[in-house]
Enquirer: 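Here it is, the structure, as C-alpha coordinates.
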Amino acid sequence: MSTAMNFSNKSFAPRPPDKGAFPLDHFGECSAFKERFMECLRRSGYESAACRQSAMAYLECRMDRQLMANEPLEKLGFKDLINEKSEEKPEKS
Amino acid sequence: VVPGETALAFYKAKNPTDKPIIGISTYNVVPFEAGQYFNKIQVKQRLNPQEEVDMPVFFYIDPEFAEDPKMAKVDLITLSYTFFEAKEGQKLPLPGYP
(Lines give C-alpha, C1' and ligand atoms only; values in the text may rest on other atoms or scores of the structure.)
Protein backbone atom coordinates (compact mmCIF):
# COMPACT_ATOMS: atom_id res chain seq x y z
CA MET A 1 0.00 0.00 0.00
CA SER A 2 1.23 3.45 -0.56
CA THR A 3 0.53 6.55 1.42
CA ALA A 4 1.21 10.12 0.57
CA MET A 5 2.94 11.78 3.48
CA ASN A 6 2.90 15.38 2.60
CA PHE A 7 1.46 18.33 4.45
CA SER A 8 2.24 21.09 2.07
CA ASN A 9 -0.36 23.13 0.23
CA LYS A 10 1.22 22.33 -3.07
CA SER A 11 -1.08 19.95 -4.73
CA PHE A 12 0.54 16.96 -6.17
CA ALA A 13 -0.95 13.67 -7.08
CA PRO A 14 0.81 10.91 -5.17
CA ARG A 15 2.24 8.58 -7.70
CA PRO A 16 1.47 4.91 -7.32
CA PRO A 17 4.48 2.98 -6.10
CA ASP A 18 6.85 1.79 -8.71
CA LYS A 19 8.40 -1.55 -7.87
CA GLY A 20 9.54 -0.42 -4.44
CA ALA A 21 8.47 -3.34 -2.32
CA PHE A 22 9.88 -6.84 -2.38
CA PRO A 23 9.21 -10.04 -0.48
CA LEU A 24 12.14 -11.05 1.69
CA ASP A 25 14.82 -13.27 0.23
CA HIS A 26 14.73 -15.56 3.26
CA PHE A 27 17.12 -18.08 1.76
CA GLY A 28 19.56 -15.60 0.33
CA GLU A 29 19.04 -16.97 -3.14
CA CYS A 30 20.13 -13.75 -4.73
CA SER A 31 22.85 -12.85 -2.25
CA ALA A 32 25.62 -13.53 -4.75
CA PHE A 33 24.08 -11.05 -7.15
CA LYS A 34 23.69 -8.56 -4.36
CA GLU A 35 27.35 -8.98 -3.45
CA ARG A 36 28.43 -8.43 -7.02
CA PHE A 37 26.39 -5.25 -7.13
CA MET A 38 27.79 -3.99 -3.81
CA GLU A 39 31.35 -4.73 -4.92
CA CYS A 40 30.72 -2.75 -8.07
CA LEU A 41 29.42 0.18 -6.04
CA ARG A 42 32.48 0.16 -3.80
CA ARG A 43 34.82 0.03 -6.79
CA SER A 44 33.06 2.86 -8.55
CA GLY A 45 32.87 5.13 -5.52
CA TYR A 46 29.15 4.56 -5.14
CA GLU A 47 28.31 5.79 -8.56
CA SER A 48 24.91 4.24 -9.13
CA ALA A 49 25.03 4.62 -12.89
CA ALA A 50 28.21 2.56 -13.13
CA CYS A 51 26.53 -0.48 -11.65
CA ARG A 52 23.31 -0.69 -13.53
CA GLN A 53 24.35 -3.94 -15.20
CA SER A 54 24.77 -5.58 -11.79
CA ALA A 55 21.54 -4.04 -10.55
CA MET A 56 19.74 -5.49 -13.52
CA ALA A 57 21.29 -8.92 -12.91
CA TYR A 58 20.10 -8.78 -9.30
CA LEU A 59 16.56 -7.96 -10.30
CA GLU A 60 16.60 -10.70 -12.91
CA CYS A 61 17.69 -13.14 -10.22
CA ARG A 62 14.72 -12.09 -8.12
CA MET A 63 12.27 -12.40 -10.95
CA ASP A 64 13.60 -15.85 -11.91
CA ARG A 65 12.99 -17.03 -8.34
CA GLN A 66 9.59 -15.46 -7.87
CA LEU A 67 10.99 -12.96 -5.39
CA MET A 68 9.73 -10.11 -7.44
CA ALA A 69 6.85 -9.55 -9.81
CA ASN A 70 7.95 -10.08 -13.35
CA GLU A 71 8.41 -6.86 -15.22
CA PRO A 72 10.01 -6.33 -18.58
CA LEU A 73 13.45 -4.90 -17.98
CA GLU A 74 12.75 -1.95 -20.26
CA LYS A 75 10.06 -0.84 -17.83
CA LEU A 76 12.54 -0.90 -14.97
CA GLY A 77 14.78 1.58 -16.69
CA PHE A 78 17.22 -0.86 -18.27
CA LYS A 79 16.19 -0.41 -21.85
CA ASP A 80 19.65 0.57 -23.07
CA LEU A 81 21.28 -2.39 -21.33
CA ILE A 82 18.88 -4.84 -22.96
CA ASN A 83 19.97 -3.76 -26.40
CA GLU A 84 23.59 -4.42 -25.51
CA LYS A 85 22.65 -7.78 -24.07
CA SER A 86 20.66 -8.89 -27.06
CA GLU A 87 23.70 -8.41 -29.22
CA GLU A 88 25.46 -11.18 -27.32
CA LYS A 89 22.48 -13.34 -26.40
CA PRO A 90 19.65 -13.43 -28.90
CA GLU A 91 17.27 -15.15 -26.48
CA LYS A 92 15.91 -12.64 -23.95
CA SER A 93 12.37 -11.36 -23.64
CA VAL B 1 21.98 8.93 -8.76
CA VAL B 2 20.63 10.78 -11.75
CA PRO B 3 16.99 11.92 -11.94
CA GLY B 4 15.17 9.70 -14.38
CA GLU B 5 17.45 6.75 -13.79
CA THR B 6 16.34 3.81 -11.67
CA ALA B 7 18.61 2.94 -8.79
CA LEU B 8 19.06 0.09 -6.36
CA ALA B 9 20.04 0.31 -2.72
CA PHE B 10 20.15 -2.19 0.15
CA TYR B 11 19.31 -2.06 3.82
CA LYS B 12 19.99 -4.80 6.30
CA ALA B 13 17.60 -5.80 9.04
CA LYS B 14 18.04 -8.32 11.80
CA ASN B 15 15.60 -9.87 14.22
CA PRO B 16 17.73 -10.47 17.32
CA THR B 17 14.95 -12.15 19.26
CA ASP B 18 13.89 -15.77 19.49
CA LYS B 19 10.46 -15.10 18.13
CA PRO B 20 9.34 -14.28 14.63
CA ILE B 21 8.55 -10.64 14.21
CA ILE B 22 6.15 -9.05 11.82
CA GLY B 23 7.62 -5.74 10.89
CA ILE B 24 6.53 -2.79 8.94
CA SER B 25 9.12 -1.06 6.91
CA THR B 26 8.69 2.39 5.63
CA TYR B 27 10.93 4.89 4.06
CA ASN B 28 11.19 8.57 4.22
CA VAL B 29 12.96 11.24 2.27
CA VAL B 30 14.59 14.51 3.26
CA PRO B 31 14.54 17.30 2.26
CA PHE B 32 10.79 17.35 2.61
CA GLU B 33 10.14 19.03 -0.72
CA ALA B 34 12.10 16.40 -2.58
CA GLY B 35 9.68 13.83 -1.23
CA GLN B 36 7.09 14.64 -3.83
CA TYR B 37 9.40 13.17 -6.42
CA PHE B 38 9.70 9.92 -4.52
CA ASN B 39 7.34 7.08 -3.99
CA LYS B 40 6.63 6.21 -0.39
CA ILE B 41 5.71 2.70 0.37
CA GLN B 42 5.03 0.67 3.45
CA VAL B 43 5.56 -3.01 3.48
CA LYS B 44 4.66 -5.61 6.05
CA GLN B 45 7.18 -8.40 6.37
CA ARG B 46 8.04 -11.26 8.63
CA LEU B 47 11.51 -11.87 10.05
CA ASN B 48 12.14 -15.25 11.62
CA PRO B 49 14.06 -15.56 14.92
CA GLN B 50 17.69 -14.43 14.50
CA GLU B 51 17.10 -13.85 10.84
CA GLU B 52 19.04 -11.17 9.07
CA VAL B 53 18.03 -10.08 5.62
CA ASP B 54 19.08 -7.57 3.04
CA MET B 55 16.21 -5.50 1.84
CA PRO B 56 16.47 -3.99 -1.57
CA VAL B 57 15.00 -0.64 -2.37
CA PHE B 58 14.51 0.06 -6.01
CA PHE B 59 13.67 3.65 -6.68
CA TYR B 60 13.42 6.35 -9.22
CA ILE B 61 13.64 10.10 -9.01
CA ASP B 62 11.25 11.76 -11.36
CA PRO B 63 13.19 13.72 -13.98
CA GLU B 64 10.88 16.65 -13.33
CA PHE B 65 12.91 17.09 -10.16
CA ALA B 66 15.72 18.50 -12.25
CA GLU B 67 13.39 21.08 -13.70
CA ASP B 68 11.78 22.25 -10.51
CA PRO B 69 13.36 25.61 -9.63
CA LYS B 70 12.66 24.98 -5.95
CA MET B 71 14.91 21.95 -6.14
CA ALA B 72 17.82 23.86 -7.67
CA LYS B 73 19.67 24.05 -4.37
CA VAL B 74 19.01 20.43 -3.49
CA ASP B 75 22.00 18.30 -4.22
CA LEU B 76 21.64 15.83 -1.41
CA ILE B 77 18.57 13.74 -0.83
CA THR B 78 18.56 11.30 2.04
CA LEU B 79 16.45 8.21 1.87
CA SER B 80 16.04 6.57 5.22
CA TYR B 81 14.48 3.27 6.03
CA THR B 82 12.70 2.35 9.26
CA PHE B 83 11.69 -1.14 10.23
CA PHE B 84 9.51 -1.48 13.30
CA GLU B 85 7.40 -4.16 14.84
CA ALA B 86 3.76 -4.36 13.93
CA LYS B 87 1.42 -5.23 16.77
CA GLU B 88 -1.92 -6.88 16.17
CA GLY B 89 -4.58 -4.27 15.58
CA GLN B 90 -2.20 -1.42 16.06
CA LYS B 91 -2.89 1.74 14.15
CA LEU B 92 0.30 2.73 12.54
CA PRO B 93 1.59 6.08 13.77
CA LEU B 94 2.83 7.64 10.59
CA PRO B 95 5.42 10.33 11.02
CA GLY B 96 4.02 13.74 10.24
CA TYR B 97 0.42 12.79 10.83
CA PRO B 98 -1.51 13.94 13.94
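The sequence lines fix the lettering, A, B, ..., with proteins before strands; numbering per chain opens at 1. Model, not experiment: these values are computed from the prediction.
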Enquirer: When rounded to the nearest 0.5 angstrom, what is the spacing between NE2 in A:His26 and CG in B:Leu47?
Expert: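 These two atoms lie 7.0 Å from each other.
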
Enquirer: Using side-chain heavy atoms (C-beta onward) and a distance below 4.5 Å, is A:Met68 in contact with B:Pro56?
Expert: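 Heavy-atom side-chain distance check fails, nothing below 4.5 Å.
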
Enquirer: Of the non-hydrogen atoms in B:Glu5 and A:Ala49, which two are nearest, and what is the gap between them?
Expert: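 Nearest pair, atom of B:Glu5 first, then A:Ala49: OE1-CB, 3.4 Å.
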
Enquirer: Below 4.5 Å from any heavy atom of chain A, which atoms of B:Val53 appear? Answer side chain, backbone, both or neither.
Expert: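 For B:Val53, side-chain heavy atoms alone lie under 4.5 Å from chain A.
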
Enquirer: Chain A contacts: which residues in residues 9-21 of chain B have a non-hydrogen atom closer than 4.5 Å to it?
Expert: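 Residues of residues 9-21 of chain B touching chain A at under 4.5 Å: B:Phe10, B:Lys12.
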
Enquirer: Identify whether B:Val1 and B:Val74 are in the same connected component of the hydrophobic contact network (ILVMFWY, side-chain heavy atoms under 4.5 Å).
Expert: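 Yes.
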
Enquirer: For A:Leu76, is there any backbone N or O sitting under 3.5 Å from a side-chain donor or acceptor partner on B:Thr6?
Expert: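 Pair found, side chain donor or acceptor close to backbone of A:Leu76.
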
Enquirer: Tell me, side chain or backbone of A:Phe37 under 4.5 Å from chain B's heavy atoms, or both, or neither?
Expert: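 Side chain of A:Phe37 only, per the 4.5 Å heavy-atom cut-off to chain B.
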
Enquirer: What is the minimum heavy-atom distance between A:Leu24 and B:Arg46, and which atoms define it?
Expert: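 Heavy-atom minimum between the residues: CD1-O, 3.2 Å.
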
Enquirer: Nearest 0.5 Å, please: how far is CZ in B:Phe58 from CZ in A:Arg62?
Expert: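 The CZ atom of B:Phe58 is 12.0 Å from CZ of A:Arg62, to the nearest 0.5 Å.
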
Enquirer: Nearest 0.5 Å, what's the SG-CG distance between A:Cys30 and B:Asp54?
Expert: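 It is 11.0 Å, given to the nearest 0.5 Å.
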
Enquirer: Do B:Met55 and A:Leu67 belong to the same hydrophobic cluster, where Ile, Leu, Val, Met, Phe, Trp and Tyr are linked whenever their side-chain heavy atoms lie under 4.5 Å apart, directly or via other members?
Expert: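 Not linked; separate clusters.
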
Enquirer: Flag yes if B:Phe84 and B:Ile22 sit in one hydrophobic cluster, no otherwise; membership is Ile, Leu, Val, Met, Phe, Trp, Tyr, and two members link when side-chain heavy atoms are under 4.5 Å apart.
Expert: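 In one cluster: no.
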
